[in-house]
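Structure first, commentary second.
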Number of protein chains: 2
Amino acid sequence: MADNPSASHTPTGRGFEPVRSVRLYERIVEQVEEAIARGELRPGQRLPSERELVVQFGTSRATVREALRVLESNGVVRSRPGDPNGPEILPFTTGGLTKQMRRLARADGLSLSQLLVSRMMLDSTANRLAAVLRTEAQLAEMDAAIEQMRTAVDGGYGSFSEADFAFHEAIARASGNTLIQVCNGVVRDTVLSLISDKIAHARNAQALMKRSLGHHEQVLAAIRAGDGPEAGRASLHSLYDYYASYVPKAERAALEALLDE
Amino acid sequence: MADNPSASHTPTGRGFEPVRSVRLYERIVEQVEEAIARGELRPGQRLPSERELVVQFGTSRATVREALRVLESNGVVRSRPGDPNGPEILPFTTGGLTKQMRRLARADGLSLSQLLVSRMMLDSTANRLAAVLRTEAQLAEMDAAIEQMRTAVDGGYGSFSEADFAFHEAIARASGNTLIQVCNGVVRDTVLSLISDKIAHARNAQALMKRSLGHHEQVLAAIRAGDGPEAGRASLHSLYDYYASYVPKAERAALEALLDE
DNA sequence: GATCTGCACTGGTCTGACCAGTAGACTTTT
DNA sequence: AAAAGTCTACTGGTCAGACCAGTGCAGATC
C-alpha cells in the first residue's frame, strides 16, 4: 500500500492497462455515482424501487441489491424497508472518511505522529484563516467555549475534552473552509480514539488541562487581534506541547519541523 | 451538510440512542472486520468460499454476497471468480481513504478558493517536512522531475502538467506523511479538473510554465538545503502566483492570509 | 374534518439454478 | 522422469421466483 495513494493519473502512453472483469453491480454503482456527481440526483431525492431498478438496468434484483449495498456502505444512499419512495440519496457525511481513517490508524498505516502532524497543519491553518475571517458572532462562540473550558478544568477530563472540542470546532467553522473543517474534525476524532484514555488517566491531568487552557487563551487572543501568523504559531506550540510526549522520540522530528521559523 | 462534520462524539448522557434495524449482512461485515482487527485474519489469508460461509453464518448466499460486496468496496477483501481458495484478505490500502476524500472534495459548496487554500496548506507542509526528512534517493527523484519539467516547457501543457505532477508527488512521498500525501493528491486532482483547460488555453501558457518552473526550482533548492520554512514559503508563493488569478478577488483574502509572516 | 382500515408495494431474506472460469490432480506425450 | 496437455470439482457472477414484515396512502368510517 501507500505506494501510490493518488491513483487516477493520465497513463504515460506505452504499456497495457491491467484488466479486471467489471461486474455488473459495479456498473450500477458507477452510473448512480456519476448521476450524483453530475447533479442529476440530489440529496433528498429518491431512487426508483429495487424492482423498478431491475427493469431499468436489465439485471436481476440480486445484482441491483449488491450495488445498493455498496452505495449504502459508502454513505451515498439509504434504503428503508417498506418505504414506497425508494432509496434516499443522502447528503454528504464524514462517516465514511472517519471510518477509513480509523481503519488505517488501527492497521498501523497511519501512525500517531502522522496524525498529529496533520492535526498541527490543519489546526494552525484554520487559526490563521479564522484570525482574518472570523465574524463577531464566531468570536463570541470561541469566548463561550473557552469559558466552558475554564469551568471544566475542575470537572474532569470528559467535560474538558468536550469544551475543547467546541473551541476547535468554532475555529474550524470560522476558517470558512469546509475541507479543513471536515478533515480537522476527522483527524481530531481519530487522534482522540488513539490516546484519549492515556490522557484521561495521566497523573497530572489537571495541570495539563490548565496549561492547555492557557495555550488556548493565547490562541484566542491572537485571533481577536486579527494576527493570523501568531494564531497559527500559538496553536502549533499548543498541540506540540500537549501531545508530543506520546510520540516516540525518533518520530518527533516531523512535529518539530513544523515549529521552525 | 457541514452542520456537524465530526459526528461520532461522546454522547452527553441522558436521552435514547436512535435505533436502526441491523441487517444480517451487516453482522457478517462486522464479524469479518473484527476478526481482522483482532489479527485472527491477516492479509494474504483467505476467507472460506461463499458456499462455505453460507453454512458458517447460517444465511443465504445472497446475504453473504452482499456482505462480501461491502467488504470488497471498502478494500478489505477481493473475490476472484473461479479461485478455489476463496476471497483474499487484502493488505491495508489508502484506496478507501482516497475514495472518500474525493467524494468530499467533489461535494458541492466547495469553491475553488477553498480547494486552493487547502492545496497551499498541504503542499507547503509537505515541503517543510520533505526538507527535513528527504533521503538522497528522493532528492534525486525530485531532480529528475524538475529536469522533466524543463524539457516539457516546450512540449505543451500536457507533458508539463505530468512532470509537475511527478514533482509534487515525489515531495509528498518524501514528507513521510500518508495522510498529507493522499489529501494532496486528491485536492490537486480536483483543482486541475476544475481549471486545467483554462490554464491549457491561456494565451501566455509558455510564459506561465517558465515562471512556474522557476518557482519549483526555488522550492527544490530549499529542500536540498534542508531549509523547511523556506521550502514552505516558496511553495506557498508558487501556488498563489500560479492560481490566484482564477479566484474571484473577494475570495483571495483567504489565500493571502496564508502568505503573511 | 379527524380517525381508522386495508391494500399495494417496499426492502430483507431465502432457495435453487445455470454459466464461465480457475487450480490442481490426472493423464498423456516426449 | 519431466513436460505438456486434459479433466474435473469447485468457485464466483448472475438470474428467476418466492415469502415475509413493514410502510405510506387512499378510501372508508366516524
Side-chain angles (χ1 to χ4, degrees), chain A residues 16-33 35-36 41 43-90 95, chain B residues 16-33 35-36 41 43-90 95:
Chain A
F16 297 105
E17 301 254 327
V19 292
R20 221 198 37 187
S21 71
V22 177
R23 278 150 287 185
L24 290 185
Y25 86 88
E26 287 183 305
R27 302 226 180 147
I28 298 182
V29 170
E30 261 175 46
Q31 284 199 42
V32 173
E33 279 184 337
I36 294 177
L41 251 32
Q45 283 186 16
R46 302 309 187 95
L47 245 37
S49 74
E50 294 183 358
R51 286 165 178 88
E52 172 60 27
L53 289 172
V54 164
V55 176
Q56 290 193 25
F57 286 114
T59 68
S60 73
R61 189 143 90 96
T63 303
V64 167
R65 280 180 61 78
E66 291 186 13
L68 286 176
R69 290 298 78 76
V70 169
L71 289 170
E72 190 157 357
S73 111
N74 285 5
V76 180
V77 305
R78 178 184 48 188
S79 298
R80 274 181 331 162
D83 187 340
N85 297 317
E88 182 182 359
I89 310 278
L90 295 178
Chain B
F16 297 105
E17 300 256 328
V19 292
R20 222 197 38 187
S21 71
V22 177
R23 278 150 287 184
L24 289 186
Y25 86 87
E26 287 184 305
R27 303 226 180 149
I28 298 182
V29 170
E30 260 175 47
Q31 284 200 42
V32 173
E33 278 185 336
I36 294 178
L41 251 34
Q45 285 186 14
R46 301 309 187 95
L47 246 37
S49 74
E50 293 183 0
R51 287 165 176 88
E52 173 60 26
L53 289 172
V54 164
V55 176
Q56 290 192 26
F57 286 114
T59 67
S60 73
R61 189 142 91 99
T63 302
V64 166
R65 280 180 62 77
E66 290 185 13
L68 285 176
R69 291 297 79 74
V70 169
L71 289 169
E72 190 157 357
S73 113
N74 285 4
V76 181
V77 306
R78 178 184 50 187
S79 297
R80 272 183 332 160
D83 186 340
N85 297 318
E88 182 182 358
I89 310 276
L90 295 178

Under a 4.0 Å heavy-atom cutoff, the residues of residues 70-87 of chain B touching DNA chain C are B:R80, B:P81, B:G82, B:P84

Name the nucleic acid region contacted by A:R46, choosing base, sugar-phosphate or nothing; use a 4.0 angstrom heavy-atom cut-off, strictly under. nothing

Terminal helix-axis angle for the helix from C:dG1-D:dC30 to C:dT30-D:dA1, with five pairs defining each axis and rounding to 10 degrees: 0°

Record whether the side chain of A:R61 comes under 3.5 Å of the base of C:dT13 through a donor-acceptor pair of N or O atoms. yes

Donor-acceptor under 3.5 Å (B:D83 side chain, B:N85 main chain): yes

Can you sort out the partners of B:T59 under side-chain contact (heavy atoms from CB on, under 4.5 Å), two or more places apart, ordered by chain and number? B:L24, B:I28, B:F57, B:T63, B:V64

Need two values: the first and the last nucleotide of DNA chain D, 5' to 3', having an atom under 4.0 Å from any heavy-atom of chain B. D:dT11 to D:dT14

Identify all pairs in which a protein N or O lies below 3.5 Å from an N or O of nucleotides 25-27 of chain C, and state each distance.
none

Reckon A:L24 touches a base, only the sugar-phosphate, or nothing at all at heavy-atom distances under 4.0 Å? sugar-phosphate

If you measure from the Lys or Arg side-chain nitrogens to the Asp or Glu carboxylate oxygens, is any gap between A:R78 and A:E72 under 4.0 Å? no

Nearest-Å distance, CG (A:L68) to P (C:dT13)? 13 Å

For DNA chain C, find the residues of residues 48-57 of chain A with a heavy-atom distance under 4.0 Å and give them by number; none if there aren't any. A:S49, A:E50, A:R51

Donor-acceptor pair, side chain of B:R46 and main chain of B:E88, under 3.5 angstrom: no

Approximate separation, where rounding is to 0.5 Å, of A:E66 CD and A:S60 OG: 8.0 Å

Could you walk me through whether A:S79 and A:R69 pass the side-chain contact (heavy atoms from CB on, under 4.5 Å) check? CA-CA 9 Å; A:S79 298; A:R69 290 298 78 76; 3.5 Å; yes

